[in-house]
Amino acid sequence: MEKVGVLAVQGAFIEHEHCLEKLGAQVVELREAADLQTGFNRLVLPGGESTVQSKLLIELGMAERLREMITAGMPVLGTCAGLILLAKRIMGKRSVDRTALGTLDVTVERNAYGRQLGSFNARADFAGMEDLPMTFIRAPRISEVGPGVEELGRVNGLIVGARAANQIGVTFHPELTGDPRLHQMFLNL
């Protein structure tokens with residue numbers, strides 16, 4: 001059985017937990033540095049407020065250890081704000097302003113579709129999955145992928161997911177659609 005650590009300091013983590021449990025995974029909430037010792041072998045970084053999450057990861061002493069675990073090969077799924085935490089570059093930010101983790105070689109733009117009113121649902125082929133439902137809420141966009149990073153899909157011409165080895169980052173919320181295929185793909189990494 002897979003044991004998945006879900007970052008639970010802020011954001012939409014409970015929905016990820018429910019989806020993973022339905023697929024048979026054991027879930028542990030990561031709320032403080034001590035939780036990083038619970039023996040999980042996969043990591044989910046949920047949507048929410050990326051600035052708050054990044055600040056909390058650093059203040060709680062979790063950022064460096066999570067970065068090491070990801071760099072060492074632990075599979076990670078970052079959705080929406082979680083993608084921003086993984087991204088090496090954020091458009092409009094000075095290079096010294098990096099996210100807490102910065103392990104995925106992509107450039108992202110926060111709130112690329114506008115505010116809450118710009119939220120929408122879409123369906124598209126994604127990473128070999130046909131007609132995957134996607135929910136975008138104050139979503140970022142991936143404006144560029146680095147060498148060795150695979151583009152997983154597009155909606156309206158914009159990149160909505162990327163993968164590099166053990167890391168998957170998506171701009172949408174798969175945990176809100178009722179379709180478990182993306183979480184299953186993550187568990188199969």
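The chain is numbered in sequence order, starting from 1.
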Arg42 (side chain) donor-acceptor with Leu187 (main chain) under 3.5 angstrom:
yes
Separation between OG1 of Thr79 and CG of Leu85, rounded to the nearest 0.5 Å:
9.5 Å
Val4 and Phe186, any side-chain heavy atoms less than 4.5 Å apart
yes
In Å, rounded to the nearest 0.5 Å, how long is the span from CD of Gln37 to CG of Leu30?
11.0 Å
Is there a donor-acceptor pair under 3.5 Å between the side chain of Arg163 and the backbone N or O of Glu150?
no
For a side chain to side chain contact (heavy atoms under 4.5 Å, CB included) check, start with the C-alpha distance between Leu132 and Asp179, then their side-chain angles and the critical distance, and finish with the verdict.
CA-CA 8 Å; Leu132 186 72; Asp179 187 316; 3.9 Å; yes
Using 30° and 60° as the class limits, which term best fits the ring planes of Phe136 and Phe120: parallel, tilted or perpendicular?
parallel
Between Arg123 and Asp131, does at least one N-O distance fall below 4.0 Å, as a salt bridge requires?
yes
Kindly indicate whether the side chain of Met74, heavy atoms from C-beta on, has any atom under 4.5 Å from the side chain of Glu68.
no
Note, His18 side chain near Glu15 side chain (heavy atom, < 4.5 Å)
no
With rounding to the nearest 0.5 Å, note down the distance linking CG in Leu104 to CD1 in Ile70.
9.5 Å
Given side chains that start at C-beta, do those of Pro133 and Asn121 come closer than 4.5 Å, heavy atoms only?
no
Can you find a pair of side-chain heavy atoms, one from Val76 and one from Thr103, that are under 4.5 Å apart?
no
Take Met91 and Arg141, measure what side chain to side chain contact (heavy atoms under 4.5 Å, CB included) needs, and give me the verdict at the end.
CA-CA 10 Å; Met91 285 179 61; Arg141 76 177 178 100; 4.1 Å; yes
Who passes side chain to side chain donor-acceptor pair (under 3.5 Å) against His173, sequence neighbours left out?
Glu175
Go through it in stages, so that I can follow the logic: the residues are Met62 and Leu7, the test is side chain to side chain contact (heavy atoms under 4.5 Å, CB included), and I'd like the CA-CA distance, side-chain angles, deciding distance and then a yes or no.
CA-CA 10 Å; Met62 298 169 74; Leu7 183 64; 4.0 Å; yes
Would you say the side chain of Gln53 lies within less than 4.5 Å of the side chain of Leu45, judging by non-hydrogen atoms?
no
If you define the side chain from C-beta out and look only at heavy atoms, does anything of Val108 sit under 4.5 Å from Thr171?
no
CA sep, side-chain torsions, deciding dist, call: Glu49, Arg138, salt bridge (Lys or Arg N to Asp or Glu O under 4.0 Å):
CA-CA 10 Å; Glu49 177 48 57; Arg138 293 181 58 218; 3.8 Å; yes
Is the number of heavy atoms from other residues, nucleotides or ligands under 6.0 Å of Asn156 CG greater than 12?
no
Count the heavy atoms belonging to other residues, nucleotides or ligands that lie under 6.0 Å from NZ of Lys22, then report whether that count exceeds 12.
no
Can you name the nearest heavy-atom pair linking Arg154 to Ala124, along with the distance?
O-CB, 3.9 Å
With side chains defined as the heavy atoms from C-beta onward, is the minimum distance between His16 and Phe13 less than 4.5 Å?
no
Output all residues satisfying side chain to side chain donor-acceptor pair (under 3.5 Å) with Asn166, sequence neighbours left out; order by chain, then residue number.
none
Between NZ on residue Lys88 and CD on residue Glu144, distance to nearest 0.5 Å:
12.0 Å
May I ask you to decide if Ser50's main-chain N or O and Ser54's side chain share a donor-acceptor pair within less than 3.5 Å?
no
